[in-house]
Number of protein chains: 2
Amino acid sequence: MPYDPSEFPPFAVTVDLVVLTVRRHALCALTVRRGEEPYRGLWALPGGFVRADEDLASAAARELAEETGLRTQDSDSRHAGAHLEQLATYGDPVRDPRMRVVSVAHLVLAPDLPAPTAGGDAGSAQWMPVRRLLGATDATPAERLAFDHATILDDGVERARSKIEYSSLAAAFCPAEFTVGELRRVYEAVWGVALDPRNFHRKVTGTPGFLVPVGGTTTRQGGRPAQLFRAGGASALNPPMLRPDV
Amino acid sequence: MPYDPSEFPPFAVTVDLVVLTVRRHALCALTVRRGEEPYRGLWALPGGFVRADEDLASAAARELAEETGLRTQDSDSRHAGAHLEQLATYGDPVRDPRMRVVSVAHLVLAPDLPAPTAGGDAGSAQWMPVRRLLGATDATPAERLAFDHATILDDGVERARSKIEYSSLAAAFCPAEFTVGELRRVYEAVWGVALDPRNFHRKVTGTPGFLVPVGGTTTRQGGRPAQLFRAGGASALNPPMLRPDV
DNA sequence: CTAATAGTGTCTCTTAGACAATATATA
DNA sequence: TATATATTGTCTAAGAGACACTATTAG
């Protein structure tokens, strides 16, 4: 089928963001309250239009900065920048009742932040526990997500859950320097399981290049002081960390 | 940022297809010769515009049928339908010199087909060995792909290589009934390595639900007749098949 | 002291990988 | 017969999971 630029159907293209963090042992997603129809009053994922001269990843990074003040890792290579990657694209013809909108969803993994309302126009942004947004059982209608955002969030959470199995991506949920116990609690929150602290310690410290000792210790968690590490260059974890119960 | 439908920038949205198969022990991709500018005469991935009332996956399935006559597995649940999944979306502002085009790439894994030109408008479609399209070393200019299609193909090949590690997706490269040896040759072609036939046999037949014996035998490959299997329902392979050399 | 977390060691069981040996077809 | 592929079995080394034990802080 040859291109015919004069008769292509016009689409609006947006980016939506699944921004995940771990707060108080729970996996949370950033949500914003919709102030207008459709779905007025419901929670939605942050997002917005891709500009005419803008790359998709740039649009996602820009929206992220606007909503949270977060920088991505690409721009600031070492200091706890958030991880950003493309997730998937959603283009059901009726997903937005107003017009044909194709949304390129992105996944952001961020360390715990003090408060989500750093940016300008996100007056009612909030970290919501993923369990409450996706709980198939008894979701309060007020906690339902607008549009197809529950599907997008579900896909993003599943991506995060599977990616930390075989990569060092879980460190993106931690501050620049962290302990083995903090990293383990990330896995436990994301997977919703309990891991044996001793076997976990042996696994992550025994994988070359996965963690780099940084010298100091901390007693943030109480108990015996723990060594501080930062994420090593090894992005591949082989053999992978095995998710229990699967 | 509130929606303002009256001033969103208009985009064209296309689907591009990375259609992979295994022919004569080599991983091959479906390519079409471009008949017009830009990139006239170069190979490109098949694809086309998403229609105004069409879902992304439907557009990909339609283009696939037009170019190859292949049906996807969703429509025909058991008989060697091709596997189709969304791959990623490419939206660099200058990826198409004529206009702003966002392309939602899809990955198709298909059994070996007699000839690629089953459809109507794909007069110059051809299976090309992936090695020659992506060979970083000495790629003939005539074998370069148009637009950013080399990047898309690379992403698709990498997706296929990693997904067969932990899923039964390799069976999508085989006919409906296949032998353990044929499945092993798929892994060998996709990964570009040699696998031990005995350990491979033990692994795949020892994983419950991965392969279902279908009763007959075949001697397609010469040698002792091999049992025929079809893909089992178990889509998850845990622990995964380990890719050597990594 | 107790409670909490960090970290090491040890045991068992499963499995990957190497490879010997046997089975059954074609040329 | 030789040759090719299929299939089973055996051995070893590595790693996961269970868990005893020690180390070091706070209260």
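Sequence lines set the chain letters: A, B, ... in the order given, protein chains first and strands last, and positions in each chain run from 1.
- Nearer to the 5' terminus of DNA chain D, by closest-nucleotide assignment, is the contact made by B:P225 (compared with the other of B:P225 and A:P240).
- As rounded to whole Å, 14 Å separates atom C1' of D:dA13 from atom CG of B:L242.
- Taking atom OH of B:Y166 as the reference point, atom C1' of C:dT15 lies 21 Å away to the nearest angstrom.
- Contact annotation: B:K203 side-chain N/O to C:dT15 OP1/OP2 distance is not under 4.0 Å.
- Heavy-atom distances under 4.0 Å link DNA chain D to A:D196, A:R198, A:N199 of residues 194-201 of chain A, given in residue order.
- Checking the phosphate oxygens (OP1, OP2) of C:dA6, no side-chain nitrogen or oxygen of A:Q227 falls inside 4.0 Å.
- Atom CE in A:M241 sits roughly 14 Å away from atom P in D:dG15 (whole-Å rounding).
- In this view, B:A105 and B:L87, B:Y90, B:I152 satisfy the side chain to side chain contact (heavy atoms under 4.5 Å, CB included) rule, not counting sequence neighbours.
- At least one cation-pi condition fails for A:R144 and A:W43: the charged atom is not both under 6.0 angstrom from the six-membered ring centre and inside a 45 degree cone around its axis.
- Atoms CG (A:L183) and P (C:dT5) sit 16 Å apart, rounded to a whole Å.
- Of all nucleotides listed (C:dA6, C:dA16, D:dT7), D:dT7 comes nearest to the side chain of B:A226.
- Residues A:D112 and A:T21 form a side-chain contact, since some pair of their non-hydrogen atoms from C-beta on lies under 4.5 Å apart.
- Put simply, the side chain of B:R224 and the base of C:dA25 share no donor and acceptor less than 3.5 Å apart.
- Counting any heavy atom pair closer than 4.0 Å across all strands shown, B:R220 reaches no nucleic acid atom.
- Contact annotation: A:R243 does not reach the phosphate of D:dA16 (side-chain N/O to OP1 or OP2, under 4.0 Å).
- Not a single donor-acceptor pair, N or O on each side, falls under 3.5 Å between the base of D:dG15 and the side chain of A:R202.
- A:E158 and A:R243 are joined by a salt bridge, as a carboxylate oxygen and a charged side-chain nitrogen come within less than 4.0 angstrom of each other.
- Put simply, the side chain of B:L30 does not reach to within 4.5 Å of the side chain of B:L17, judged on heavy atoms.
- Applying the ring-ring contact (aromatic ring centres under 6.0 Å, His included) criterion to A:H149, with sequence neighbours excluded, gives A:F147.
- In this structure, A:L20 and A:L153 have side chains that are in contact, with non-hydrogen atoms separated by less than 4.5 Å.
- Remark on DNA chain C: of its neighbouring residues A:V180 and B:G223, the 5'-side contact belongs to A:V180, judged by nearest-heavy-atom nucleotide.
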